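Values in this document were obtained by computation on a predicted structure and should not be read as measured data. Convention: sequence-line order gives letters A, B, ...; per-chain numbering from 1.
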Amino acid sequence: MSGRAVALPRGRTVAVAEAGEGPVIVYLHGIADIHGASFGWLPFHEALVERFALIAPAHPGCAESSEDEAIETVDDLVFHYLELFDALGLGTLKLAGSCIGGWIAAEIAVRHPERVERLALIGPTGLFVPGAPIADVFWETHPADGVSFAGLRALLFGDGESGIAREMFPDLRGDIDREVLRYKLFRFASRIGFSPPYLHDRRLAGRLGRFRAPALAIQGADDRLVPRRHGEVYAEGFGDARLEVVEGAGHSAFAERPGAVAALVADFLAAP
Amino acid sequence: MSGRAVALPRGRTVAVAEAGEGPVIVYLHGIADIHGASFGWLPFHEALVERFALIAPAHPGCAESSEDEAIETVDDLVFHYLELFDALGLGTLKLAGSCIGGWIAAEIAVRHPERVERLALIGPTGLFVPGAPIADVFWETHPADGVSFAGLRALLFGDGESGIAREMFPDLRGDIDREVLRYKLFRFASRIGFSPPYLHDRRLAGRLGRFRAPALAIQGADDRLVPRRHGEVYAEGFGDARLEVVEGAGHSAFAERPGAVAALVADFLAAP
Amino acid sequence: MHPVQLFHWHFMAYPYLPPDFDERYDTGWVTVPNSLWDRERTDGLYQEYIDQSVEAAELGFDGLVLNEHHQNIYGLMPSPNIVAAALTQRTERAKLVVLGNLLPLHLNPLRVAEEYAMIDSISGGRLIAGFAVGGGPEAYNYNIPSPQARQRFWESIDLIMRTWTEDGPFEHEGPSYPLRYVNIWPKPRQVPHPQVWIPGALSAETMDNVAKRGFDYFLSSRTHGAATRQARERFAEILERNGDAYNPFRMGVLLSVYVGETDAQAKEEAEEGVWYFLKYCLKGHLRRTGRTLTFGPGVPSQSVRSWRAYLENSTAGAPMLGDAEDWEDLESKASIVVGGPATVREKLWDLIEQAEVGNLLIQFHFGNMKDALARKSARLFAEEVAPALRERSADLFARKYPSLADRPAASAAE
Amino acid sequence: MHPVQLFHWHFMAYPYLPPDFDERYDTGWVTVPNSLWDRERTDGLYQEYIDQSVEAAELGFDGLVLNEHHQNIYGLMPSPNIVAAALTQRTERAKLVVLGNLLPLHLNPLRVAEEYAMIDSISGGRLIAGFAVGGGPEAYNYNIPSPQARQRFWESIDLIMRTWTEDGPFEHEGPSYPLRYVNIWPKPRQVPHPQVWIPGALSAETMDNVAKRGFDYFLSSRTHGAATRQARERFAEILERNGDAYNPFRMGVLLSVYVGETDAQAKEEAEEGVWYFLKYCLKGHLRRTGRTLTFGPGVPSQSVRSWRAYLENSTAGAPMLGDAEDWEDLESKASIVVGGPATVREKLWDLIEQAEVGNLLIQFHFGNMKDALARKSARLFAEEVAPALRERSADLFARKYPSLADRPAASAAE
């Protein structure tokens, strides 16, 4: 992995992690993820790196990316990513995203289908589905009794007390740098995703049909943050898509079953 | 001129006026315009029809186009027009617009530059320029003493008491069908342009640089609705653009000096 | 016994405009410069108006009415809830009618649900809750896009009703006001909720929405007896179509009244205030001269169909209430009732008898009317007009609406 | 003579929670089910609280303090303006301090400018206008994205100040609250505008924004004398950096006090209410047990730098005020002063002397405290504590801040 700062207009910089060779994948991160709860690649990313050139930018305000007060809606964020793709010299690309990164990837795809060759979403937020709201992850970031993140882990993982869950979100106050890393992610997420509650764009579901290239949605069988129906709506809404449900995993399927999810994503994105 | 109703998803229809042969121009109307204050083509359009296949859709809720409660922002409207372009089978196109139609054309261009070959804007609204607000055309649609539209005419024309101005916006209660036509336009305009006051998208100026194909902005020398600075910002902001100021005209230059403005537009859009 | 309910309505106008106001200023709304506000002279002005309302309650009026306007000289209550709260401390039995809160002017309707619940709780359950969409001036004042306002209005009302009748926390999914945790503290005092009044100007769509929800309708256009009767008939028909039935307390009307000792004295005393009201307060509102922001194509909240109907049934530049040229002209419009007790009694009885409407909301203070006159008029009304209206209306309503006998008298207007 | 200004602060808690509240409910905020609201028992509750405040004004307190909370049991004032309006009709001299209106919860700041202007005008110029950004609970209640809240907050304040000091109509270009016609009616009574207080919790950024605008700073964290002194020193330094100078009336602090006849009696009488306040009202707020929504990473309104500083200077799971285990533990925290007159006098004098702060905002009612006790405590304070504090502080302040001599005594807290 190497990291670099990419300059954008208005003095902004984007921290970009890169590794691997081969076809380019741009990967947009979520919470239990690189730039979110982890400073570096997770096993899932390392599996992709074996076959692709993986580019993982940190969202504005996350990790070392500069914060941007001008970003208020996910529409603003789409412009941000167009500028980044231009700065990176990417004409068309294979796009993947997890959690909130999946939402952003979907917004890019329905607005600019001509730039996205294939689209892979893992536990994507972003949709409004009547009667099936995305759970309140913001509320769960308040540690119970000031010390326990059990509630947060339970939302983000199939087994909230698993090793990976406790490693990413330990109780008590962990390393301050990592706490700040996480704070930045939630600050970013609340900027675009706190209202309407939560993490969705009411218009998105009606626009999915604009993306007609192949798409894959992946959801953990025990996702408690994003109801299963959301994965189905994504799969039904895109022009050419399917939903894969991964057993033994919750919202962060790529972290909980990295091998299986990486294989699904890699096989799908590798197709021409 | 022929008119037809084009069907879009969600049961919507768009009234489209068409005439002429040659390269396709899509023209988005404004207030003192076809579908706005006039049921049919004006001399400006007729001059274009001599050289182009002119397609002029009515905005949602205008003329015979169906109203769409889901449209709340200009971003929603961009999706509407993408759907229309798809329904009309237009891949790339030459795009022109006047007044509020110029704003919409600019929003389409900065979001989807790949679809717009050349862009011509006449008295376009849409920009926020600090200290140089677009005038309050909504306020002026309240007839003074219940009968006089002198205030509205003064905003929309260089000479508010000229023949064309008085023909389009006569005092007293004119033909009810035409009053309703105008009401529909203002209803549509207030839907996307009443807040923030008025008729602008605060983000647009910062996005103009995304459109790098040739663009032309035209403004009447005596435009009292849109300050001259707006035309300059458009011309400076696009990648390749110029501003033409038309003497002897106000905001509705295309109606006040149809020959001169049509020649500018036609010569510009005719280039490959 | 279910007599007509008599309410005292105070608009709280700005009374210190210069005598050349009409020549110098286009309008009394939105852009009327607030440099005209005099901080010294207005010291005590709200208190004078509040005291007039309090005295009305003491005189036995059934309730006090307040409403919301912004950036204007016609009504100085951007928050009528502030004045209603003040009145909770000065009155004990009178209903407090806020007619109404302008819902699209809020970030979300929780705020109104909360404030009304507070006022209802503080007042021991005396609130009548009005909701309104707001007119043209409000659209300009707060830059509210009107085409969306009506949809937001009814979504707001339905959410407010849920906050008052369902236990929280619950989620409201939107579309315009999505909220994850709806769970107001306090709840209103009244069970299941305060009575709801919705103002309307004869639109069938509004009447239908009111009927569907079991609310009461308030006719906000100033009309004479025959027009009010027509409105009642239309509303009654819509109620029946919704499986409900009309009775006089399902509807209210706005009246303007001045009572003097004699007809001549009434006219003499009322004139200054009435003309101030017509020429200044209505400029930009119900007056042809000066921009009329109340309706108009600029910020259209009406459907295209309604607007076409308006155009077809009205005359451009037709004179409105504020265009009255002299006292005779004004009297012929029958919108403002000025006279001695006998005259006022007969005119109001005529309205009640014709229209069979059970809630009369009466403006007693006009423009810059002097405190003593406004009080005297209300007192004469209470003593010499109200008793007869109550007695005769109780008989009339009992005869025409026998089902009223089953309702508790204490809250006839429920 | 510029003695310390003594304010009576009422939170207006919900006092009828069941005795097993702590076991059964996670929090007293946002999601605490409002099925617990008892419409019968609360009949008269607001009036009891209002009457306590009115009595405080009669006892000579310099002002009455109210604040805004939503969907919670800690403070039943989603609109403190409603209560301030009620108090205008019951008090004549006391300042009315609303601390404060939560600006990001409004569609635009005009509404607050208008309501505060009404209250100031109705009260004859007695308003002290507080503005606050709102904490975690408010973000959840109204779904306000916190990263934007501070920018919107200061834009709101600057626009409100323009509405109060510049003539309208003028345009406000934004960015968050663009409005074409800003032109409020009424204007506030006070010239140039009501005094402004801004609460803060020691953030230098807030102090700097306050100093730049010539406002006064209210320290909202409950601290003891030394910490208050530190805060004052920091604020004084920031004032000087802005070309201004500190005096004791530029700052206020929050205290909680119960005065009984003796130390023992005070403890006995206060205990029930104090524990109710600590264990129920603070659950979800200043209590480790139960979710703490006051701060937290979920809806972060603080800059990343401030959050890092917070993490570096705090301990995860450290006990807060509401975690006090017994009376001794509570006393050692020195946040709630309970005792006979002599004890309270000395503790408060110690604070004043150390901190040189001239505005004491004092909570007298705790949780479910009985009316008679809350009144008695305030009365004992007014009669046996306040006079000595006033006398001694006037001497101290005159000695330490000789420039105060040039200020009119009537409005020492200006």
Side-chain angles (χ1 to χ4, degrees), chain B residues 31 36-37 60-74 76 133 136-152 155 169-200, chain C residues 26-27 29-31 104-105 135-152 154-155 174-176 283-320 322-323:
Chain B
I31 302 170
C62 293
E64 299 307 311
S65 288
S66 53
E67 196 163 4
D68 184 358
E69 293 295 334
I71 289 177
E72 294 197 327
T73 67
V74 76
D76 298 327
D136 182 355
V137 69
F138 299 104
W139 184 282
E140 293 300 340
T141 61
H142 297 284
D145 293 357
V147 292
S148 167
F149 288 103
L152 181 59
L155 266 191
F169 302 97
D171 284 341
L172 290 164
R173 181 157 301 161
D175 174 56
I176 285 188
D177 288 340
R178 277 189 59 179
E179 291 241 354
V180 169
L181 185 72
R182 196 170 68 216
Y183 184 79
K184 287 173 158 185
L185 184 282
F186 280 115
R187 190 167 156 87
F188 163 75
S190 66
R191 196 178 276 285
I192 61 162
F194 197 78
S195 178
Y198 291 103
L199 299 171
H200 70 257
Chain C
D26 280 347
T27 176
W29 299 72
V30 185
T31 57
L105 273 58
E138 280 74 42
Y140 287 99
N141 285 325
Y142 274 51
N143 279 115
I144 307 291
S146 294
Q148 288 95 324
R150 270 170 210 268
Q151 186 271 322
R152 289 182 186 168
W154 289 107
E155 179 181 338
S176 293
K283 191 168 194 176
H285 179 35
L286 294 176
R287 194 174 161 201
R288 177 186 53 192
T289 308
R291 290 175 194 288
T292 298
L293 300 178
T294 306
F295 304 104
V299 288
S301 70
Q302 299 187 55
S303 68
V304 171
R305 210 176 64 169
S306 301
W307 185 252
R308 179 181 284 279
Y310 164 75
L311 292 177
E312 284 169 350
N313 297 308
S314 66
T315 309
M320 286 180 279
D323 293 305

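Contact annotation for Ile71(B): only backbone heavy atoms (N, CA, C, O) come within less than 4.5 Å of a heavy atom of chain C. Contact of Asp171(B) with chain C is not made at all, since no heavy-atom distance falls under 4.5 Å. Only the side chain of Tyr198(B) comes within contact range of chain C, with at least one heavy atom under 4.5 Å from a heavy atom of that chain.
Among Gly290(C), Ser146(C), Ala139(C), the residue making the largest number of heavy-atom pairs under 4.5 Å with chain B is Ala139(C). Among Glu72(B), Glu69(B), Lys184(B), the residue with the largest count of heavy-atom pairs under 4.5 Å with chain C is Glu72(B).
Shown here for Leu311(C) and Val180(B), the closest heavy-atom pair between the two residues is CD1-CG2, 3.9 Å. Closest of all the heavy-atom pairs between Val30(C) and Trp139(B) is CG1-CZ3, 3.7 Å. What you find for Val304(C) and Arg187(B) is that their closest heavy atoms are CG2-CD, 4.2 Å.
Sorted by first and then second residue, the salt bridge (charged side-chain N to carboxylate O under 4.0 Å, His left out) pairs involving residues 136-148 of chain C (not counting sequence neighbours) form an empty list.
Side-chain contact between Arg308(C) and Tyr183(B): absent, with no pair of heavy atoms (C-beta onward) separated by less than 4.5 Å.
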List the atom pairs, donor and acceptor, that lie under 3.5 Å between side-chain atoms in residues 312-319 of chain C and the rest of the protein, sequence neighbours left out.
{"unit_1": "Asn313(C)", "atom_1": "ND2", "unit_2": "Ala309(C)", "atom_2": "O", "d": "2.8"}
{"unit_1": "Ser314(C)", "atom_1": "OG", "unit_2": "Arg173(B)", "atom_2": "NH1", "d": "2.8"}
{"unit_1": "Ser314(C)", "atom_1": "OG", "unit_2": "Tyr310(C)", "atom_2": "O", "d": "2.7"}

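Counting heavy-atom neighbours within 6.0 Å of Glu179(B) CD, excluding the residue itself, gives a total above 12.
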